[in-house]
Amino acid sequence: MIDIKKLIENPEIYKDSIAKRNTKNVDLDLLISVYNEKRMTQQKVEDLNAQINKISKSIGNVSADERKSVIEEGQKLKETLKEVEAKFKDLEEKYVALALCVPNTLPEDTPLGFEDNSNIEVRKFGEPTKFDFKPLDHVELGKKLDLLDFEAGAKTTGAKFYFFKNEVVMLENALKKFALDIFKEKGLYMLKTPDLARQDILMGSGFNPRGSESNVYNLEGMDLSLIATAEITIGGYLSNSVFKEEALPLMFAAESQCFRREAGGAGQENKGLYRVHQFDKMEMYAVTKPEDSNATLEKIVAIEEEIYQKLGLPYRVVRVCAGDLGSPAYKKFDIEAWMPGKGENGEYGEVTSASNCTDFQSRRLNIKYATKDKKEFAHTLNGTAIALSRVILAILENYQQKDGSVKIPEVLMNYVGFDEIKVPEKLFEDFKV
RNA sequence: GGAAGGGUGGCAGAGCGGUUUAAUGCACCGGUCUUGAAAACCGACGUAGGGGCAACUCUACCGUGAGUUCGAAUCUCACCCCUUCCGCCA
């Protein structure tokens with residue numbers, strides 16, 4: 001939610017953001033006029049209430065014959081109040097609906113562009129993995145090594161669902177433990193969150209549970225949705241809180257499952273594990289004072305980079321362009337790991353995303369911090385540590401060998417308990433006639 | 001899922017249709033006293049929004065939403081949450 005006073009004072013910075021993001025269906029002029037009308041109507045409601053309060057207080061001191069006329073006067077006022085109140089409620093609803101559509105502002109140096117090809121590379125680690133053979137993609141490797149099963153996922157649940165099998169089940173758990181150890185070392189406050197959340201909590205983080213654009217699954221007949229990221233439930237955890245100034249910045253980490261409808265996400269670009277409806281994720285989150293949020297964003301990206309360096313995955317860090325930002329994000333960095341099986345000859349593919357949401361979410365979720373003499377909205381940030389499905393994809397593709405076996409990244413060997421995934425003698429398919 | 005009880009300021013806790021401006025206590029903050037502290041005393045002490053240059057003033061908020069009433073923390077209905085017991089179950 002944006003700060004309406006800031007918007008009225010400075011509509012240009014919001015107009016600029018909307019244009020650069022190419023956000024549709026936002027009408028700032030209408031929003032401002034509805035706000036002003038709402039305010040005037042609110043004043044009328046309050047005046048009427050003040051009159052009614054006065055009358056009902058005076059009623060004890062009024063003589064018996066006067067009482068009747070005083071009550072009648074009150075009744076009259078109440079009828080007027082009902083009309084004005086209905087108008088106010090209507091305006092309030094209109095105002096909220098319009099205000100919810102306004103995206104966060106942007107810093108001056110945001111790269112321009114509407115798609116991810118306008119993102120700007122800011123750093124690079126390693127070089128794209130070279131092979132002296134033609135590498136397989138993770139779907140082929142998953143089949144050959146009996147590690148992934150998309151057909152069974154489709155049969156059981158639907159397209160873009162999958163089974164992890166054998167060593168990948170262990171690899172997933174190893175990656176989680178690896179992430180947890182890093183969280184512990186960095187002193188992050190750790191959470192394992194519910195995988196369902198109320199819809200107002202979803203909206204608090206900037207997710208829209210309803211409408212055709214929605215990316216979330218809703219539970220029929222209930223006020224609950226499957227979460228798309230732990231960012232949502234961490235937001236719920238922190239909602240309606242006031243933090244001590246000296247306790248900030250607070251850094252969190254959470255494990256959860258993530259469910260996304262990803263309507264229209266099919267196609268070669270998104271094959272296999274790259275874009276799926278369900279995956280596990282280790283997420284980071286921070287609450288800071290406004291002046292610290294940009295430094296904290298750098299800190300989150302640094303932890304992410306440490307993870308991918310330790311995993312030995314080549315990556316680049318990109319600054320996300322205006323049109324590719326979600327509406328809560330003020331500034332965002334993605335890490336893209338090298339994926340040898342993506343596209344024709346390998347491509348970088350997004351594995352993390354770190355956003356500074358400034359006060360956009362904290363206004364909706366009511367997350368504040370207190371100084372000696374006032375309470376202010378805090379800033380919130382979020383960043384991926386490990387999206388399990390995509391990192392497993394990257395490990396399989398980057399660590400494959402000529403015979404189809406896959407080496408385990410050194411840092412994970414102790415976690416998984418073996419150093420290589422060998423080509424099995426028998427596949428599950430061989431059990432069938 | 002069933003039954004009973006409950007949800008009031010930072011905390012504890014009264015109020016159960018109109019002198020409530022939500023009592024009282026504790027905590028916190030400022031002050032007096034003191035070498036300093038404690039105690040005692042005095043004062044201030046919620047959030048959000050509207051109007052005003054301002055001193056100030058008005059409105060809303062007692063789990064949430066609706067309703068009854070001139071007037072609701074108090075009465076009615078629905079929902080949410082908590083506690084205890086029963087049932088079911090990893």
Side-chain angles (χ1 to χ4, degrees), chain A residues 1-9 31-100 192-204 209-210 218-225 227 232-233 235-248 257 359-378:
Chain A
M1 180 73 85
I2 43 85
D3 182 349
I4 187 70
K5 284 181 181 159
K6 196 170 146 194
L7 184 140
I8 286 170
E9 260 171 50
L31 173 64
I32 291 170
S33 80
V34 168
Y35 174 74
N36 284 329
E37 203 186 340
K38 172 181 92 93
R39 225 173 37 166
M40 275 156 50
T41 312
Q42 181 176 355
Q43 192 59 50
K44 279 187 198 158
V45 169
E46 288 179 4
D47 288 346
L48 282 166
N49 268 326
Q51 286 182 58
I52 291 171
N53 286 344
K54 223 176 207 173
I55 286 176
S56 50
K57 263 174 203 162
S58 72
I59 217 155
N61 318 322
V62 150
S63 67
D65 17 317
E66 276 178 290
R67 177 163 293 193
K68 200 177 168 195
S69 73
V70 173
I71 287 178
E72 270 171 19
E73 199 189 339
Q75 282 168 333
K76 236 187 217 167
L77 281 170
K78 213 188 154 189
E79 265 174 46
T80 319
L81 176 67
K82 261 188 181 159
E83 279 170 38
V84 182
E85 233 173 11
K87 190 179 167 197
F88 173 71
K89 219 174 158 182
D90 185 53
L91 285 165
E92 172 83 25
E93 267 172 38
K94 251 188 208 157
Y95 165 70
V96 170
L98 288 165
L100 284 175
K192 172 141 180 180
T193 85
D195 294 322
L196 293 168
R198 294 178 198 279
Q199 304 205 335
D200 61 317
I201 297 292
L202 281 267
M203 302 220 282
R210 298 186 201 92
N218 298 308
L219 263 62
E220 191 180 343
M222 304 188 105
D223 178 37
L224 291 174
S225 304
I227 59 170
I232 292 167
T233 35
Y237 182 80
L238 299 171
S239 62
N240 294 319
S241 304
V242 184
F243 292 99
K244 293 176 182 163
E245 184 182 21
E246 62 272 20
L248 303 184
Q257 299 189 66
D359 60 356
F360 188 90
Q361 290 177 330
S362 64
R363 283 178 180 279
R364 296 184 180 203
L365 293 165
N366 192 25
I367 303 171
K368 295 185 171 179
Y369 72 99
T371 65
K372 227 184 258 165
D373 37 37
K374 59 186 178 191
K375 287 174 184 167
E376 298 264 11
F377 288 109

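Values below: every heavy atom of this structure, side chains too, minus hydrogens, waters and symmetry copies. Letters A, B, ... are given to chains in the order of the sequence lines, protein chains preceding strands, and every chain is numbered from 1.
One interatomic measurement links the two molecules: CZ of Arg363(A) to C1' of U47(B), which rounds to 16 Å at whole-angstrom precision. Put simply, NZ on Lys54(A) is 12 Å from C1' on U57(B), counting in whole angstrom units. Atom C1' of nucleotide G51(B) and atom CE of Met40(A) are separated by 13 Å, given to the nearest angstrom. Between the P atom of G18(B) and the CD1 atom of Ile71(A) lies a distance of 15 Å, rounded to the nearest Å. Regarding Asp3(A), its CG atom lies at a distance of 14 Å from the C1' atom of A48(B), rounded to whole Å. Following rounding to the nearest Å, Asn240(A) (CG) and G63(B) (C1') show an atom-to-atom distance of 12 Å. As rounded to whole Å, 12 Å separates atom P of U19(B) from atom CG of Asn53(A). Rounded to whole angstrom, the span from the CG atom of Asp47(A) across to the P atom of U57(B) amounts to 16 Å.
If you check every strand for non-hydrogen atoms under 4.0 Å, Lys44(A) touches nothing.
Here the side chain of Arg198(A) is nearest to one of C80(B), G71(B), A48(B), namely C80(B).
For Lys38(A), the salt bridge (Lys or Arg N to Asp or Glu O under 4.0 Å) partners two or more places apart in sequence, or in a different chain, are Glu92(A).
Taking 4.0 angstrom as the limit, Lys244(A) places none of its side-chain polar atoms (N or O) nearer than this to OP1 or OP2 of G10(B). Between Gln75(A) and the phosphate of C70(B), there is a side-chain N or O to OP1/OP2 separation shorter than 4.0 Å. For the OP1/OP2 pair of G51(B) and a distance below 4.0 Å, the side-chain nitrogens and oxygens of Arg39(A) include at least one atom meeting the criterion.
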Notebook entry, point to check: Ile201(A) and Thr233(A): side chain to side chain contact (heavy atoms under 4.5 Å, CB included), yes or no, with the steps?
Noted result: CA-CA 7 Å; Ile201(A) 297 292; Thr233(A) 35; 5.9 Å; no
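With C1' as the reference atom, G9(B) and U21(B) are 15 Å apart, rounded to whole Å. Nucleotides U83(B) and G30(B) place their P atoms 38 Å apart, quoted to the nearest Å.
Side-chain atoms of Glu46(A) come within donor-acceptor range of the base of G49(B), with a qualifying N/O pair under 3.5 Å.
Contacts of residues 78-92 of chain A with RNA chain B (heavy atom under 4.0 Å): Lys78(A), Lys89(A).
Between Phe243(A) and Leu238(A) there is a side-chain heavy-atom pair separated by less than 4.5 Å.
Base pairing in RNA chain B gives the following stems of 3 or more Watson-Crick or G-U pairs, range against range and under 3.5 Å: B:1-7 with B:80-86, B:10-12 with B:24-26, B:29-32 with B:40-43, B:46-51 with B:56-61, B:63-67 with B:75-79.
Minimum interatomic distance between Arg364(A) and Gly204(A) (heavy atoms only, all atoms of both residues): CB-O, 3.4 Å.
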